[in-house]
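Structure first, commentary second.
In the text below, chain A, chain B and the rest are named by the order of the sequence lines, each starting its count at 1.
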Amino acid sequence: MLEVRNLRKIFFQHTPNEKVALDGVDLTLAEGDFVTVIGSNGAGKSTLLNVVAGEFRPEGGTVHIDGADVTKLPVHKVARWVGRVFQDPMAGTTPHGTIEQNLAMAFARGRTRGLRTGVTRAKREIFREELKALELDLENRLRTDVGLLSGGQRQALSLLMATFSQPKILLLDEHTAALDPARAALVTRLTDEAVARHGLTTLMVTHNMHQALAMGNRLIMMHEGRIIYELAGEQKQRATTDDLLHEFEKLKAVSDRTLLA
Amino acid sequence: MLSALDLGLIYGLMALGVYLTFRVLDFPDLTVDGSFTTGAAVTASLIIAGQSPWLATAAGAVAGAIAGLVTGMLHTKGKINPLLAGILTQIALYSINLRIMGRANLPLLRTDTLLSGLRDDRHLGTWVSVAVFAVVVLVFMLALDWFLNTDLGLALQATGDNERMIRAQGVSTDNTKILGLAVSNGLVGLAGGLIAQYQGFADIGMGIGLIVAGLASVIIGQAVIPGRRFIFATLAVVVGSVVYRIVIQLALQAGADPNDMKLISAILVIAALLLPRLGVFRHMRARRRERLIEAAAKGEAARA
Ligand SMILES: Nc1ncnc2c1ncn2[C@@H]1O[C@H](COP(=O)(O)OP(=O)(O)O)[C@@H](O)[C@H]1O
Ligand SMILES: [Mg+2]
């Protein structure tokens, strides 16, 4: 479903500030794969998701989604295949739009937008049903401005908007990191439910190792623009946070050695 | 006094255009000063050339829309800053408008215009003309409201609200900006053509400073009618335009020099922009927002 080949992203290329953010990343997600991504700050996790989504053009390598080469497509074209939730709860919705207007905009993802009414009675019924599943009582407040909702509510809504139109790929970038623990737990649960319900192929960045182990069927660890460790299936189920910490320690030892060398 | 209502309503079309760019798209478009005159110039020239006034008026609107399209292209494809893109188009239009008109002033007094009927029956500046213009503006206002609530219109609104989000939902914000600027300046061009027919001439300088009048209308309107729901946002703009023209009229009647009007308009807008930042008003707004959030949170609390 997603095929990333030898992906390289270099910021400020040919300047003294040159920064290799992705250094030859290879990654294949089969349909229905749910991959969690961990790694230290600056490892290139967000950059990987941004390149897949068309936010940045890579300096090398290719990205294919569902067989289509999307490497050079801009964000709004890649959006045909991709649903996203950002870390910032404010980023995924429009504050001056109502809940139902926001949902209508997401409902139209991947279709040509014309002069048909955005929020119709039929759509409103669909929205109400979808919102009920969130158990946030939002289904009774379809005409509330999204700007008046709490961060947790907005993130839950962003998640619904990214998933209910059933994208080929779901990209989540630390989408629970900015929430308090209770809200983070809620959005985590909603993520699991939405992915399971629609069978979404998912790539989820998280800083939380428990979350990375508990969710999904595969896990990758990134470091300095590369994927340096992978877990899948039973191996992943058996793994503990101690195992992951051990991997981090090994990295630290390596970089200490190179520093000394 | 009633002629101030007439003017306020016709200029209301222009104010709707300004609302669309400044408020909805969050794009400070200065094309307006030029595209208004372009609308007037095209309409007047075609009428004088013997074309039907309907066709001439429509052509004025289309010419305005093209001007908006150019500003939109300069900004999106040319990556030129919005203010500069608008100014460049506006300045270029000055020469173009002169070319269209052939000279600085085109009188329309003895030709057939859309308003000849009203003028001949001495209905201009009466409740009859006010009613006619009110209906015309209302039609365009409702059309704009309808448009803003279509899939495309929602995408356009989101472009001004959260560009990254709507792009992630598959919308080219370049296209929505260009579309918004075209529609906006189409309305402005239409207003220009109608004003030319109302006052009986097109003049190369008739658009100067109009952006300020448009902004003043939008700001005054939102002070008078603060709601944004349903049609209130656009209705506010039209009401703002009428109030603005009445204020100008009163100032003139009180003996103000017509040449000082631009200064007065500018001061009006500055005041409207600065007043809300004063402590009292800020406090009032903060309270209002708090109350709204409290009400919103109640729903959540009830569930927990
Ligand atoms: N837009 C950008 N411009 C310049 N450098 C960037 C940009 N985005 C990321 N980087 C750099 O690329 C590296 C990887 O960043 P990122 O992908 O955000 O890391 P992560 O999400 O794993 O913490 C960092 O060194 C960061 O400074
Ligand atoms: Mg990151």
Side-chain donor-acceptor pairs under 3.5 Å in residues 184-191 of chain B, sequence neighbours left out?
unit_1	atom_1	unit_2	atom_2	d
Ser184(B)	OG	Gly17(B)	O	2.7
Asn185(B)	OD1	Ser35(B)	OG	2.7
Asn185(B)	ND2	Asp29(B)	OD2	3.0
Asn185(B)	ND2	Leu181(B)	O	2.9

Kindly list each side-chain donor-acceptor pair under 3.5 angstrom involving residues 46-53 of chain A, sequence neighbours excluded, with atom names and distances?
unit_1	atom_1	unit_2	atom_2	d
Ser46(A)	OG	Asp173(A)	OD2	2.8
Asn50(A)	OD1	Arg84(A)	NH2	2.8
Asn50(A)	ND2	Ser46(A)	O	3.3

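In the displayed structure, Arg124(A) atom CZ is contacted under 6.0 Å by more than 12 heavy atoms of other residues, nucleotides or ligands. Other residues, nucleotides and ligands place no more than 12 heavy atoms under 6.0 Å from the CD atom of Glu31(A). Surrounding NZ of Lys168(A) are at most 12 heavy atoms belonging to other residues, nucleotides or ligands under 6.0 Å away. A 6.0 Å sphere centred on CE of Met90(A) holds more than 12 heavy atoms belonging to other residues, nucleotides or ligands. Within a 6.0 Å radius of CZ in Arg189(A), other residues, nucleotides and ligands contribute more than 12 heavy atoms.
Contact detail for Asn149(B) and Gln101(A): the closest heavy-atom pair is OD1-NE2, 3.4 Å. Smallest separation of non-hydrogen atoms from Met105(A) and Leu154(B): SD-O, 3.8 Å.
Proximity to chain B is absent for every atom of Phe107(A), based on heavy atoms less than 4.5 angstrom apart. Ser158(A) does not touch chain B: none of its heavy atoms, backbone or side chain, sits under 4.5 Å away. If you measure heavy-atom distances from Asp145(A) to chain B, the contacts under 4.5 Å come from both the backbone and the side chain. The part of Val82(A) that comes within reach of chain B is its backbone (N, CA, C, O), which places non-hydrogen atoms under 4.5 angstrom from that chain.
The residues Asp88(A) and Arg164(B) are annotated as not salt-bridged, no charged nitrogen and carboxylate oxygen being separated by less than 4.0 angstrom.
Among Ser165(A), Gly118(A), Ala79(A), the residue making the largest number of heavy-atom pairs under 4.5 Å with chain B is Gly118(A). Between chain B and the residues Arg109(A), Arg111(A), His96(A), the largest count of heavy-atom pairs under 4.5 Å involves His96(A). Ranked by heavy-atom pairs under 4.5 Å with chain B, the list Pro74(A), Pro95(A), Ala108(A) is led by Pro95(A). Here Ser172(B) is the residue among Ala168(B), Gly153(B), Ala158(B), Ser172(B) with the most heavy-atom pairs under 4.5 Å with chain A.
Looking only at side-chain heavy atoms (C-beta outward), Met165(B) and Thr94(A) come within less than 4.5 Å of each other. At least one side-chain heavy atom of Trp146(B) sits less than 4.5 Å from a side-chain heavy atom of Leu115(A). Arg113(A) places a side-chain heavy atom less than 4.5 Å from the side chain of Val171(B).
Judged purely by atom type and a 3.5 angstrom limit, Asp151(B) has no side-chain atom pairing as donor or acceptor with the backbone of Gly114(A).
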